[in-house]
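Written below as structure tokens is the structure these notes are about.
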Amino acid sequence: MNLTLKIWRQKNANDKGKMVSYNVTDISEHMSFLEMLDVLNEELVAKGEEPVAFDHDCREGICGMCSLHINGEAHGPDRGITTCQLHMRMFKDGDTIHIEPFRAKAFPVIKDLIVDRSAFDRIQQAGGYISVNTSGNTQDANAIPIPKADADLSMDAATCIGCGACVASCKNASAMLFVSAKVSQYALLPQGQVEAKDRVLNMVNQMDKEGFGNCTNTGACEVECPKNISISNIARMNREYLSASMKDD
Amino acid sequence: MAKGMTSVTRKILMALSGFFLLVFLLQHCAINFLSVISPDTFNEVSHFMGTNPLIQFLLQPVLAFGLVFHLAMGIVLELQNRDARPVKYAVNKPGENASWVSRNMIITGIMIFLFLLLHSADFWFPELKVKYIDGDMTGMTAEGHFRYYEELQHQFHNPIRVGLYALSFVFLSLHLMHGFQSAFQSVGFQHNKYTPIIKKLGTIYAIVIPAAFVFIALYHFINA
Ligand code: HEM
Ligand code: SF4
Ligand code: FES
């Protein structure tokens, strides 16, 4: 199929940037969206032009790098997938496709479609971990009884790949879905209890410091999340936050 | 006000002020409904509400504070949220993943606020003047009967007034379509069994309560 692409081009973080129009031809409907961009880039390189910079790594939906806001939605029109898993069969011959970077003050554009998502790393470093001493006689995690339902919910939360689609989709650029998934995966397990209080307080503080917006429960995040993380995690985080704020040190 | 508070604290306070307003609205609606059932009872209850010191000097200021707080916090949230995305998308389809009501709480909220200004000018400010400036706490007309029911009828004589009130309640309904269930989520209440019930209750509340207010206004317009 033949497509018109309108792509955000921006030389560097300080450049103003603009949408630029490209035509690609003979795109197979079996290609992934990133493969379609590869075709465009090869043509640009052959013409001696600067290729479009975009993030990607695993190309199998597990690393969370690929981002992109496609035709008005994070990761494009399909549901429960990342951009590398988006197939060109979702589009029609002759379509115009708008491709923009994820937009948020906390995700500044580095170049073209690549944004800096290290704000997520700093939130994670603020409390998204448990401390386990590797003393040689560490307790086997499987020896700790955990209700099946809690283990399942914790695993569901842990499938968050930190892609940032939740922030990109949220009208408030709020990171609540990501942070709540990271808080929940520990809050549901006994191993997470030791640092529970500091975790939620510190992660929320860091989230605010990074300049993400306030959640107003629109639910856009869970619709666009490639891992179907539920906003019930946000309710859990708010509970954790309430009880942590009321606890003495 | 919002400085030194985290986004989660702001969210929880927004929900608590929202809950408070929901309860207030329920009692306001119940008392208004008395005017349809029995003008005499309506007069008596109005007089009680208007002259009881506990209600006048404790609950009324609390209500005013709750409302101003909710309004101010709503505006703070909106400004911060706009700031969190300085460069907008060239193409965006917010309708694909979130409802209109959930995305436009500030618009429906400000429409409610404008209504409240009109409503205060109609009833509350004159009430304050008669009682606390003119010093007339009797609640009586010159003819010696309670004035509340007559004042109500008088306001709803005007078709433009009734139209404006009805329109405002549409905005209130839209606000609560999202707000009711949202407040539960904000305070951390999420339950496989109860959350779907809360969502249904929220829809019922958001339709029935505003509709009841509109019905009362129309009733007095038609019967006047
Ligand atoms: C004075 C005019 C008002 C303004 C400007 C306003 C504005 C807002 C805003 C911006 C939100 C935040 C959106 C969100 O978190 O979902 C909100 C939430 C809410 N409002 Fe209002 N509102 C007003 C009046 C009211 C009234 C009269 C009621 C109830 C009778 C009400 C009930 C609620 C509820 C229940 C929420 C949900 C709280 C939450 O999500 O945690 N609001 N309002
Ligand atoms: S919650 Fe979903 S959308 Fe947000 S970062 Fe995690 S995987 Fe991506
Ligand atoms: S490239 Fe790894 S998830 Fe898309």
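Quick caveat, the model's predicted, so the values are computed rather than measured. By convention in this document, chain letters (A, B, ...) are assigned in the order of the sequence lines, proteins followed by strands, and residues within each chain are numbered from 1.
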Heavy-atom contact with chain B under 4.5 Å, split by part of [X]:
X      : answer
A/C221 : neither
A/I231 : both
A/P101 : backbone
A/I234 : both
A/F212 : backbone
A/D208 : side chain

Does this structure show an ion pair linking [X] with [Y], if we count only N-O contacts that are shorter than 4.0 Å?
X      : Y      : answer
B/R82  : B/E78  : yes
B/K88  : A/E100 : no
A/R117 : A/D55  : yes

**Study point:** Candidate pair A/H69 and B/Y89, rule ring-ring contact (aromatic ring centres under 6.0 Å, His included), full reasoning
**Key:** CA-CA 8 Å; A/H69 204 255; B/Y89 291 110; 3.5 Å; yes

If you tally heavy-atom pairs under 4.5 Å between each of B/S99, B/P94, B/A90 and chain A, the highest tally belongs to B/A90

Given B/S182, B/S7, B/A15, B/P86, the one with more heavy-atom pairs under 4.5 angstrom with chain A than any other is B/S7

Cut-off 4.5 Å, heavy atoms of chain A, and the answer for B/T195 is neither

Okay, B/L77 and chain A: the region with an atom under 4.5 Å from a heavy atom over there is both

*Under 6.0 Å between ring centres, would you say that holds for B/F33 and B/F42?*
no

